Structure formats: structure tokens, C-alpha cells
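A short worksheet on the structure shown next.
Below, read A as the first sequence line, B as the second, and so on, with proteins coming before strands; counting in each chain starts at 1. Everything quoted here is computed from the prediction, not taken from an experiment.
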Number of protein chains: 2
Amino acid sequence: MTSAVKRSKVVGREVRRRDPDRARASILAAATAEFAALGLGGARVDAIADQAGINKRMLYHYFGTKDDLYRAVLEEAYAAIRAAEGEIVLGRGSPAEAMRELVLFTWRYYREHPEFLSLLATENVNKGAALGGSARIRALNSPLIAKIGSLLDQGVAEGKFRRGVDPFKLYVSIASLCFFYLANRWTLGVSFGRDLSEPAEIEAWGEHVVGVILGYLRP
Amino acid sequence: MTSAVKRSKVVGREVRRRDPDRARASILAAATAEFAALGLGGARVDAIADQAGINKRMLYHYFGTKDDLYRAVLEEAYAAIRAAEGEIVLGRGSPAEAMRELVLFTWRYYREHPEFLSLLATENVNKGAALGGSARIRALNSPLIAKIGSLLDQGVAEGKFRRGVDPFKLYVSIASLCFFYLANRWTLGVSFGRDLSEPAEIEAWGEHVVGVILGYLRP
DNA sequence: CGCTTAAGTAACTATACAGTTATTTATGCG
DNA sequence: CGCATAAATAACTGTATAGTTACTTAAGCG
């Protein structure tokens, strides 16, 4: 060993560095992956700490208990999707074209964030117990509901959409059709002997969802 | 063919009685509830044995490991829904009326078997790993696909349904719309400040699904 | 500089957990 | 009856797990 002169910044050697923001972020990222892959009960705090490259003590320091960390992961995942939803700007085409964009936005977001789908599934197996205690979530309404509402009004005014469709129900319908295929494709694939993760199948399902929604909306 | 008369020979005294069928059944029932409530990782073998009122050793005797028991639970749940699907007899009304019955069957089955929905969600978080190894599941095709297929043909022939709809896609669409609402109503409820477990809301969603499917199928 | 505070570490603890051992007892069959 | 076998039990084992303790070290500030 070389001399342990640790007086000032010893550049040549590994020096313990402090970086709270990075530590928090890397714990959250590791926890998201762990909870998404194994569920609440299956996730291991030690595995999260290892994966994050931090000492387990710091995880407790920053986040409290395992349940607190789980809630933080859910809150972050919700904040992220709501932020993305807030940024959609629909093109200036017809209502049908805008609706198509909106459906494909949801489809793309779900495809690109499988961990969000898994967390959602896990938290619902848990009957929403963790999120129920989160005021932060209750404050985050989806910007999509309002966008869908005005799109529906516009479509009805132009005689392109049927009357009387509830924006919330339409939002949940779009989410249903996008979520179910992606989240449950493993059991669907086993049951029906098809590989639903094939890019061509995935592409086709997105178009199918557009077709179902626009078909339903016809006057 | 077994099950001769169970002669419990004694009376006032606590006698250890043997009943393999009952033991197996009660283990499966307890395991179904436990896995559905807590997921694969969260389920506890001791809790299942307690709940079933049997000694843990017997659980291992009948089912092997925890994973084996989990697979048995999934297989039974699948066998049950396939059996129910096989028994539907659609009325003699129009194709639209028959399709409505078919949608409402799915809706009712999901409502009455929340544990099936939770198991499905859990197994998909698990990426279908347990079911992937089950030849028994692969052999169980859904009888609904064929029924939907002939219904679609009939509707097209009568000029009531649009052409070119894939029965598998329609089946998955119906399942999506029914599953998502029920399985994810906890987080939906928190996010949107609505109690989606209200009987009136549940009733309305079933009708909405019928409306979406029939709306889409219009020529 | 020196001191306070927050960031960091290793090792520990008490309990929970999946799976096993050793043993006992009921039951069907010759 | 007597015996082989399957059903049942309690107590146990080695490890994993969430959470903690006791301590060290970097950074910011007067």
C-alpha cells in the first residue's frame, strides 16, 4: 500500500465521495427495477442497495422503511406519466386524427415504460394500499381527461363523433386496451401459443386499438 | 372412484382423521387466496398451511415446493375459467344480442373471481415464468375464440357486423376492457377520486364495454 | 481553523422463512 | 389379525431479511 496521506484530496486513490442527489436517484432507479420485477413482497432491500451501489444504511437514511421506498417509487412513476401526458400537443388534423395520436401516445408510453405497468399491477394486487396514503398522487389528475373531453366536443360539433361519450370512460378504455395486451402478454402468449412480444404483433395491436376506439366513436 | 364411507370411529375423543382430498382442496383454496392477496413473493407457506388448517409438512407432501404449489394454483384457476367459458350457450337472438351476452359473461366472471384477476396480474409481473413450464395450460385453449369467430361470421353474413375482425383480437379487447377496470380500480380510484367499486359504477362499466364492442363492430 | 452536521460504512440482531427430520397413527388389504 | 403404506404431527435447521448500532469521514460555515 502506498502511504495513506489523506490530508487533502488524494487524487490517485479512491476517495469516498459524497453525492446525496446521485445516491437518492440511484436508489430510486434500483428500487423501481426491483419492485417492478419482483413485486412488493418479492423485492429485497439488500438487492436494491447492492444494485444502487450504496450502503443499505443510506437507503434507510433517505427513504425510511421498505414500504416508504415503495411509495416513493410509485409516486415518481405517476409523476412521470402525468408529466408526459401534460406535454402532448395534438396536431392540427381532424378530431379522428388527433384521437389517433392520443391513443398512440398512450400505446407508446406503455411500451417504453414496462416498469410502470408492472408497478401498477403490483400496487393493485396490493389493493392500492400504498398509494391510498399518498396525498401527492391524489393531487395529480391526468391532463388527458381534459384533452379527451375537448376532442370529443370538437368531434361531436363537426358531426364526426357520436354524442354522449364520457371522457373518463374513454380514457379508461384506451388505457385498458393498451395496458392489458402489454402487461398480460406473457400469460396470453402461453395460453394461445403466440409470441405477443413480436414487434409485428405489437405494432398491429396499436393499430387495432386505434381502430376500436375510432370505430366506437363513429356517430 | 374412491371415497368409501369415511368411518370416523370415535366419538367423544379428538381423533386424528385422514382426508387427503379435503386436505388437498383446502390447501389449494388457502394458497389461491394467499397468492392472490400477496403475490408470489409476498405469499407465505406458513400462512397457507395455517389458513388451510393443515400441517405444513402435508403441503410439501401434496404439492412439492412453494413454486410448485403456485403453479398448481394457476393451473386450477385457468382450468376453472376455461370450463366456465365452455359452458356458455348463447341465446337465439341477433348476433348483436349474442355478442352482448358474451361480453357480459366475461364481465360477470371477472367480477365474481377477483382472485383470478390478481393471479393473472401476479403471474405477468413474473413474466409468465411459472405457467411457461406448464404443458397443461398450453393444452387449454379458450372455447371463446371459436364462439366469437362464428358469431362474427354470422353477423357479417347478416350485414350486422363489419368485415375482417380477428376473433383473437376481439377476445383480447373484451378481456382488456373487463380486466383493466376491475383489476386496476384501486389506483384508478385514488388517481381520479372516484370509488370505482360502487355497484352503480361497476354496472355502468359493464354496459360501457358492451357499447364499445358493439359500436366497434358496426359495419 | 475548528466544530457541527450530514454522508457514509461494516458489522450486527432478532425474527421470518422455505424446506426437512424423525416419528406417530389411521386405514385398506392379504 | 398383522402389516405395508399413506396421512399426519411437532420440532428443527440453515439461511435470508428488514431494520439497527456504533462508528468514521467529508463538507460547509463561523
When you check the gap from the basic side-chain N to the acidic O, do A:Glu76 and A:Arg136 get nearer than 4.0 Å? no
Sub-4.5 Å side-chain heavy-atom contact between A:Arg185 and A:Phe180: no
Counting only side-chain nitrogens and oxygens, does A:Arg44 get under 4.0 Å of the OP1 or OP2 atom of D:dA18? yes
Count the heavy atoms of every other residue, nucleotide or ligand shown that sit under 6.0 Å from CD of A:Gln51, and state whether that count exceeds 12. no
Under-4.0 Å salt bridge between B:Arg44 and B:Glu34: no
Would you say A:Tyr62 reaches C:dG8's phosphate, i.e. side-chain N/O to OP1/OP2 under 4.0 Å? yes
Can you check whether A:His61 has a side-chain N or O nearer than 4.0 Å to OP1 or OP2 of C:dA6? no
Is there a residue in residues 69-77 of chain B whose heavy atoms reach under 4.0 Å of DNA chain C, and which residues are they? none
Please list each protein N or O that sits under 3.5 Å from an N or O in nucleotides 19-23 of chain D, with the distance.
residue: D:dG19; atom: OP2; partner: A:Tyr60; partner atom: OH; Å: 3.3
residue: D:dG19; atom: OP2; partner: A:Lys66; partner atom: N; Å: 3.0
residue: D:dG19; atom: N7; partner: A:Lys56; partner atom: NZ; Å: 2.7
residue: D:dG19; atom: O6; partner: A:Lys56; partner atom: NZ; Å: 2.6
residue: D:dT21; atom: O4; partner: A:Arg57; partner atom: NE; Å: 3.3

Spacing of B:Met58 atom CE relative to C:dT21 atom P, expressed in whole Å: 16 Å
B:Asp68 has an atom CG; how far is it from atom P of C:dA18, in whole Å? 14 Å
Parallel, tilted or perpendicular, judged at 30° and 60°: which one describes the rings of A:Phe179 and B:Phe179? parallel
Less than 4.5 Å apart, side chain to side chain, heavy atoms only: is that true for B:Trp205 and A:Ser173? yes
